[in-house]
Colleague: 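Right, I'll just put the structure down here and ask away after.
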Number of protein chains: 2
Amino acid sequence: MPTSESVDDYLRAILELSGKSEERVSSNGLATRLGVRAASVTGMLQKLAAQRPPLVLYEKHRGVRLSAAGMRRAWEIVRHHRLLELFLHDVLKYSWDEVHEEAERLEHFISERFEDRVAAILGDPEVDPHGHVIPHRNGTIPVREEVPLVEWPIGKPAVLSSVSDRDPAALRELQRLGLVPGSGLVVDESKPNASLLVRLSGQKRQIRLSIELALHVAVDASRI
Amino acid sequence: MPTSESVDDYLRAILELSGKSEERVSSNGLATRLGVRAASVTGMLQKLAAQRPPLVLYEKHRGVRLSAAGMRRAWEIVRHHRLLELFLHDVLKYSWDEVHEEAERLEHFISERFEDRVAAILGDPEVDPHGHVIPHRNGTIPVREEVPLVEWPIGKPAVLSSVSDRDPAALRELQRLGLVPGSGLVVDESKPNASLLVRLSGQKRQIRLSIELALHVAVDASRI
DNA sequence: GCACTAATTTAGGCTAGCCTAAAAAATTCT
DNA sequence: AGAATTTTTTAGGCTAGCCTAAATTAGTGC
Ligand SMILES: [Mn+2]
Ligand SMILES: [Mn+2]
Ligand SMILES: [Mn+2]
Ligand SMILES: [Mn+2]
């Protein structure tokens, strides 16, 4: 069962919108994420659910979630995406904010051989340039506990684990501020004007972070 | 005027079938090369000729050739293809016979940035793994005089310049025999049973080369 | 020049994936 | 609960690129 570029995009969008808890995803949510109309989403979901084996579990008016086969394919595409991002960054010297767009296109077209060779060159890496874990070749997903920075307790030291990759301008700003995966930091204060005051480890200077920007950031929650 | 994968394939096929002399290409020839029906070719050619600016010059029943715009786009795709082949071979350690298929797919989807970074990593290379010249970034095509091995005079020393990349089995066989770009050789005899007897420079052993295999090989004709 | 054959084009259809507009179902509000 | 609103689905259409079958044109042999 080969999948088209569009089908791959739907599966990955369902995976990403459903979150850790694998909740059902709405047609509207998918339409917004994919930049198509809700009617187009309904049509596609009906097709994916009718495949044997089905790629999604779909009940009219009740949202959709991935089947086992859909889950497998979605994570496969995510592995392509994250390996490509790291490859573009480390080997082809793309900047942090440039990798996502190119990876989003190429993820659909590289072969398993390409995937394997890139993984080998990069030394079977564990995370992409934005700090997201890279699924293993065999389909297993490394677990990692993360919390959105906006939910992290005031005053408790944290380690930045990942940043969202979809907004190049935000990425450039975060890099400028030194907020990259691995950075240690403390949230000093959550201001009423919808911003956070944070300090990087070993620095006295406070950084004022808008909520919109802070929403792009997650920290390591392994010892919450 | 963005071009689709199919359109790119048509343009590249017209370029490759029309040869140095830029002869008109027939619908049937294109259909065979592209693995589609002649009726589909006619439909596509009419569409490409109707674009403003047109990508091909097409006269009913009289074949087709590339317009200036079509030529530009076709060589652009060829540059992608050949850079990708060299990159897959040199960086990702693909073998000689594996690069073509992957490059054929990816050539349509890499960005100009990707093209530039790959070219930079490879040091602005002049030829791909099969000995084919790589068009320059600005669109100019390096000239090189080549002659099919089967037309090369008996007994005259030659240098192998390129081999066709579309037949993996033939490529493996040629590599096994030591017939790679740069190899010096002499044709000793053209046998009536449709084969050539050749010797590699500095070797006494004769190699028997079927005409089918020999048709895959071209030699440097700069001093014919 | 005419008949036959080969190449090409036209006509009509199909699928994937998108769209708009209208209908129907679910949810929210009073 | 019943009305109003929002979400989702259905219905009908469109384009790109492919197909088969039927014309048409070009080329060949006599
Ligand atoms: Mn990404
Ligand atoms: Mn995509
Ligand atoms: Mn090739
Ligand atoms: Mn292609």
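Below, chain A is the first sequence line, B the second, and so on; all start at residue 1.
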Colleague: Checking contacts here: which listed nucleotide (C:dT9, C:dC18, D:dT8) is nearest the side-chain heavy atoms of A:Met44?
Modeller: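 Per side-chain heavy atoms of A:Met44, the pick is C:dC18.
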Colleague: Distance check: side-chain N/O of A:Asn28 vs OP1/OP2 of D:dT8, anything under 4.0 Å?
Modeller: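 Indeed, a polar side-chain atom of A:Asn28 lies that close.
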Colleague: For B:Arg79, is there an ion pair with B:Glu115 - N to carboxylate O distance below 4.0 angstrom?
Modeller: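 Here B:Glu115 pairs with B:Arg79 in a salt bridge, since their nearest N and O are under 4.0 Å apart.
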Colleague: Using a strict cut-off of less than 4.0 Å between a Lys/Arg side-chain nitrogen and an Asp/Glu carboxylate oxygen, indicate whether B:Arg72 and B:Glu76 qualify as a salt bridge.
Modeller: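 Result for this pair is no, no salt bridge flagged.
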Colleague: Check whether any side-chain N or O of B:Ser6 sits under 4.0 Å from OP1 or OP2 of D:dC18, and answer yes or no.
Modeller: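 Checking D:dC18 against B:Ser6, a side-chain N or O does come within under 4.0 Å of OP1 or OP2.
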Colleague: Taking the six-membered ring for Trp, are A:His81 and A:His132 closer than 6.0 Å centroid to centroid?
Modeller: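 No; A:His132 has its ring centre 6.0 Å or more from that of A:His81.
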Colleague: D:dC18, OP1 or OP2 - any side-chain N/O from B:Arg37 closer than 4.0 Å?
Modeller: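 Answer no for this pair, as no side-chain N or O of B:Arg37 is under 4.0 Å from OP1 or OP2.
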Colleague: In whole Å, I'd like the distance from the CG atom of B:Leu48 to the C1' atom of D:dT15.
Modeller: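 These atoms are roughly 15 Å apart.
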Colleague: How long is the span from the CD atom in A:Glu98 to the OG atom in B:Ser111, to the nearest 0.5 Å?
Modeller: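 OG of B:Ser111 is found 9.0 Å from CD of A:Glu98.
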Colleague: With heavy atoms under 4.0 Å as the rule, sort B:Ser40 into base, sugar-phosphate or nothing.
Modeller: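 Base contact - B:Ser40 has a heavy atom under 4.0 Å of at least one base atom.
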Colleague: I'd like to know if B:Glu126 pairs up with B:Arg144 as an ion pair, taking the criterion as any Lys NZ or Arg NE/NH1/NH2 lying under 4.0 Å from an Asp or Glu carboxylate oxygen.
Modeller: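 Judged by the 4.0 Å cut-off on N to carboxylate O distance, B:Glu126 and B:Arg144 do not form a salt bridge.
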Colleague: Charged N to carboxylate O under 4.0 angstrom, B:Glu112 versus B:Arg137?
Modeller: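 Salt bridge between B:Glu112 and B:Arg137, a charged N being under 4.0 Å from a carboxylate O: yes.
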Colleague: Is there a side-chain contact between A:Ser4 and the phosphate of C:dG17, meaning an N or O under 4.0 Å from OP1 or OP2?
Modeller: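 It does, given that an N or O in the side chain of A:Ser4 lies less than 4.0 Å from OP1 or OP2 of C:dG17.
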Colleague: Atom CZ of A:Arg24 and atom P of C:dA26: how far apart are they, to the nearest Å?
Modeller: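 That distance rounds to 13 Å.
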Colleague: Does the side chain of A:Tyr10 get closer than 4.0 angstrom to OP1 or OP2 of C:dC18 through an N or O atom?
Modeller: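 Affirmative; the distance criterion is met.
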Colleague: Side chain of A:Lys47: nearest nucleotide among C:dG17, D:dG17, C:dT9?
Modeller: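 Nearest to the side-chain atoms of A:Lys47, counting from C-beta on, is C:dG17.
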Colleague: Taking A:Arg12 first and then A:Glu104, would you say they form a salt bridge - that is, a charged N and a carboxylate O separated by under 4.0 Å?
Modeller: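 Counted as a salt bridge, because a side-chain N and a carboxylate O are separated by less than 4.0 Å.
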Colleague: Atom CG of B:Leu34 and atom P of D:dC19: how far apart are they, to the nearest Å?
Modeller: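 Taking CG of B:Leu34 and P of D:dC19, I get 10 Å after rounding.
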Colleague: Looking at B:Thr42, does any N or O in its side chain come under 4.0 Å of the phosphate oxygens OP1/OP2 on C:dT10?
Modeller: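 For C:dT10, OP1/OP2 do not have a side-chain N/O of B:Thr42 under 4.0 Å.
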Colleague: Strictly below 4.0 Å, heavy-atom distances to any atom of DNA chain D: list the hits from residues 52-72 of chain A, or just say none.
Modeller: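 The stretch gives A:Tyr58, A:Lys60, A:His61 as the residues lying under 4.0 Å from the strand, ordered by number.
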Colleague: Distance check: side-chain N/O of B:Ser27 vs OP1/OP2 of C:dT8, anything under 4.0 Å?
Modeller: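 Indeed not, no polar side-chain atom of B:Ser27 lies that close.
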Colleague: Whole angstroms only, please: what is the CG-C1' distance between B:Leu45 and D:dC18?
Modeller: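 So the two atoms are 14 Å apart, to the nearest Å.
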Colleague: Rounding to a whole Å, what distance do you find between B:Gln46:CD and D:dT15:P?
Modeller: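 In whole Å, D:dT15 P lies 17 Å from B:Gln46 CD.
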